[in-house]
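Sequence positions, counted from 1, serve as the residue numbers for this chain.
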Amino acid sequence: TTTNMHIAISGNIGSGKTTLTSLLGKHYNWLPHFEDADDNPYLNDFYEDMQRWSFNLQVYFLNSRFGHVIDIRKGKKTVIQDRTIYEDAYIFAPNLHSMGLMTTRDFENYFALFKLMEQAIAPPDLLIYLRASVPTLVNNIQKRGREYENAIRIDYLKRLNERYEAWISSYEEEHKGGKMIIVEVDANKFSEKKEDLGKIVRKIDGELHGLFKKEKA
């Protein structure tokens, strides 16, 4: 048997990360790790005044995700994580910076901190990227009806999608040996259809098989 693994699910707001994390956690008996918005002391302030609180919020996320990765690697169980540390650094923080909601000084300080942390952690054993078009994201966001997400604009989701694609296109190059699966969410309705979830499971089994072989070799 292999040691504990770190599986992570990444994707834009409304791509289905939390749902897939739950479903795969159940299927494989992996420990699911969710983002807990309720415990975040900055989130409400951030939504009231983004410019004032963006740096604080992003440093909080960075710190908490860095801690999670350390814990996952120390633990005995395979963990499936909803969102990665990379998404904060390559998608959300630079997007706040480009929107003028984080100063250049703060962003550079933040990114230098991330680069330092990155040296201390390994990438997930397997990354599952949920690729979804903006209409699909909007549809999912409306369906779950979270109050603070009502104000999310289409151009914001579009910009995040562009950053996700840029990050994903260089992910395997950046993380030698970091395996990745891409799920096309527009075509794969894993939350509703068992056979669509089955397609994802088969892809994962294929990748894990390779990971197990590597462990034994």
Side-chain angles (χ1 to χ4, degrees), residues 7-24 33-35 37 40 43 46-47 50-51 53-55 57-58 61-62 65 80-102 104 107 110-111 114 118 123-124 126-175 178-193 196-197 199-200 203-204 207:
I7 318 286
I9 300 187
S10 65
N12 206 338
I13 303 160
S15 59
K17 293 185 299 298
T18 306
T19 305
L20 190 58
T21 300
S22 301
L23 290 168
L24 293 176
H33 188 288
F34 301 104
E35 226 184 355
N40 190 319
L43 211 53
F46 170 73
Y47 281 112
M50 291 186 172
Q51 219 159 353
W53 294 102
S54 62
F55 178 74
L57 177 78
Q58 289 300 320
F61 275 136
L62 193 62
R65 269 192 246 281
I80 182 158
Q81 186 186 23
D82 174 350
R83 191 166 279 158
T84 63
I85 195 167
Y86 306 107
E87 288 161 87
D88 289 313
Y90 289 108
I91 289 129
F92 290 93
N95 193 57
L96 288 166
H97 176 233
S98 78
M99 287 171 76
L101 295 171
M102 191 189 289
T104 298
F107 177 67
Y110 164 88
F111 201 75
F114 162 72
E118 194 183 19
L126 178 64
L127 178 76
I128 301 163
Y129 170 53
L130 302 182
R131 175 185 280 144
S133 66
V134 171
T136 297
L137 298 172
V138 169
N139 189 25
N140 288 347
I141 290 166
Q142 284 170 343
K143 266 200 292 207
R144 66 187 181 193
R146 284 185 198 154
E147 182 114 358
Y148 61 84
E149 290 179 342
N150 289 345
I152 293 177
R153 299 222 308 277
I154 293 201
D155 60 330
Y156 178 67
L157 291 171
K158 190 167 156 286
R159 276 201 293 241
L160 292 179
N161 254 1
E162 285 161 7
R163 288 183 188 276
Y164 265 105
E165 289 300 322
W167 169 60
I168 283 299
S169 68
S170 64
Y171 179 83
E172 286 173 299
E173 186 58 37
E174 293 270 323
H175 304 287
K179 288 176 173 287
M180 178 172 66
I181 287 171
I182 296 178
V183 176
E184 303 290 349
V185 179
D186 291 10
N188 185 311
K189 307 288 177 215
F190 56 81
S191 59
E192 296 143 37
K193 295 185 183 163
D196 279 0
L197 180 63
K199 287 175 192 166
I200 298 174
K203 271 189 173 180
I204 293 170
E207 292 293 347

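Note that CG of Asn12 is 10.5 Å distant from CD of Glu162, once rounded to the nearest 0.5 Å. The distance from the CD1 atom of Ile168 to the OG atom of Ser10 is 4.5 Å, given to the nearest 0.5 Å. Here CG of Leu24 is found 4.5 Å from CD1 of Ile80. Values are rounded to the nearest 0.5 Å. Remark: Thr104 OG1 to His97 NE2 distance equals 3.0 Å, nearest 0.5 Å.
Side-chain atoms of Lys17 never come within 3.5 Å of backbone atoms of Phe34 as a donor-acceptor pair (strictly under, hydrogens ignored). Without hydrogens or angle criteria, Asn95 side chain to Arg159 main chain gives no donor-acceptor distance under 3.5 Å. Side-chain atoms of Ser54 come within 3.5 Å of backbone atoms of Leu101 as a donor-acceptor pair (strictly under, hydrogens ignored). Checked by atom type and distance alone, the side chain of Gln142 never pairs as donor or acceptor with a backbone atom of Asn139 at under 3.5 Å. At least one donor-acceptor pair closer than 3.5 Å links the side chain of Gln51 to the backbone N or O of Gly100. A donor-acceptor distance shorter than 3.5 angstrom exists from the side chain of Asn188 to the backbone of Asp196, with no hydrogens or angles considered.
By the 6.0 Å contact criterion, CD1 on Ile154 is open, its count of non-hydrogen atoms from other residues, nucleotides or ligands being 12 or less. Heavy atoms from other residues, nucleotides or ligands lying under 6.0 Å from CZ of Arg144 number more than 12. Atom NZ of Lys189 has more than 12 heavy atoms from other residues, nucleotides or ligands within 6.0 Å.
Inspection of the Arg163 and Ser98 side chains reveals an N or O donor paired with an N or O acceptor under 3.5 Å. No side-chain donor-acceptor contact under 3.5 Å links Glu118 and Tyr86.
Residues Tyr156 and Met99 have side chains in contact (heavy-atom distance under 4.5 Å, counting atoms from C-beta outward). Between Glu174 and Trp167, every side-chain heavy-atom pair lies at or beyond the 4.5 Å cut-off. With contacts defined as side-chain heavy-atom distances shorter than 4.5 Å, the pair Ile13/Leu160 qualifies. Contact annotation: the side chain of Phe92 never approaches that of Leu57 to less than 4.5 Å [non-hydrogen atoms, C-beta and beyond]. Proximity of Ile181 to Ile200: side-chain heavy atoms (C-beta onward) are nowhere separated by under 4.5 Å. Using a 4.5 Å heavy-atom cutoff, the side chains of Ile9 and Asp82 are not in contact. Side-chain atoms of Ile7 and Pro124, non-hydrogen and from C-beta on, never get closer than 4.5 Å to each other.
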| task | Mind running side-chain contact (heavy atoms from CB on, under 4.5 Å) on Gln81 and Thr21 for me, showing each step along the way? | result | CA-CA 7 Å; Gln81 186 186 23; Thr21 300; over 6 Å; no
>> Would Ile141 and Leu157 count as a side-chain contact (heavy atoms from CB on, under 4.5 Å) here? Give the steps.
In response: CA-CA 11 Å; Ile141 290 166; Leu157 291 171; 4.0 Å; yes
Residues His175, Met180; criterion side-chain contact (heavy atoms from CB on, under 4.5 Å); working and verdict: CA-CA 10 Å; His175 304 287; Met180 178 172 66; over 6 Å; no
Inset, instruction - Decide yes or no on side-chain contact (heavy atoms from CB on, under 4.5 Å) for Phe46 and Asn40, but give the supporting numbers first. - result: CA-CA 10 Å; Phe46 170 73; Asn40 190 319; over 6 Å; no
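When all heavy atoms of Thr19 and Ser191 are compared, the closest pair comes out as CG2-CB, 3.7 Å. Across every non-hydrogen atom of Asn140 and Gly14, the tightest pair is ND2-O, 2.7 Å. Listed here is the closest heavy atom pair of Leu130 and Gly16: CD1-C, 3.5 Å. For the pair Pro94 and Asp88, the tightest heavy-atom approach, listed with the atom from each and the gap, is CD-O, 3.9 Å. Here the closest non-hydrogen pair linking Ala132 and Asp186 is CA-OD1, 3.7 Å.
Tested against Tyr90, the residues Tyr171, Tyr164, Phe114, Tyr110 include a single ring-ring contact (aromatic ring centres under 6.0 Å, His included) partner, Phe114.
Contact check on Asp155 versus Lys158 returns no salt bridge, with no Lys/Arg side-chain nitrogen under 4.0 Å from an Asp/Glu carboxylate oxygen.
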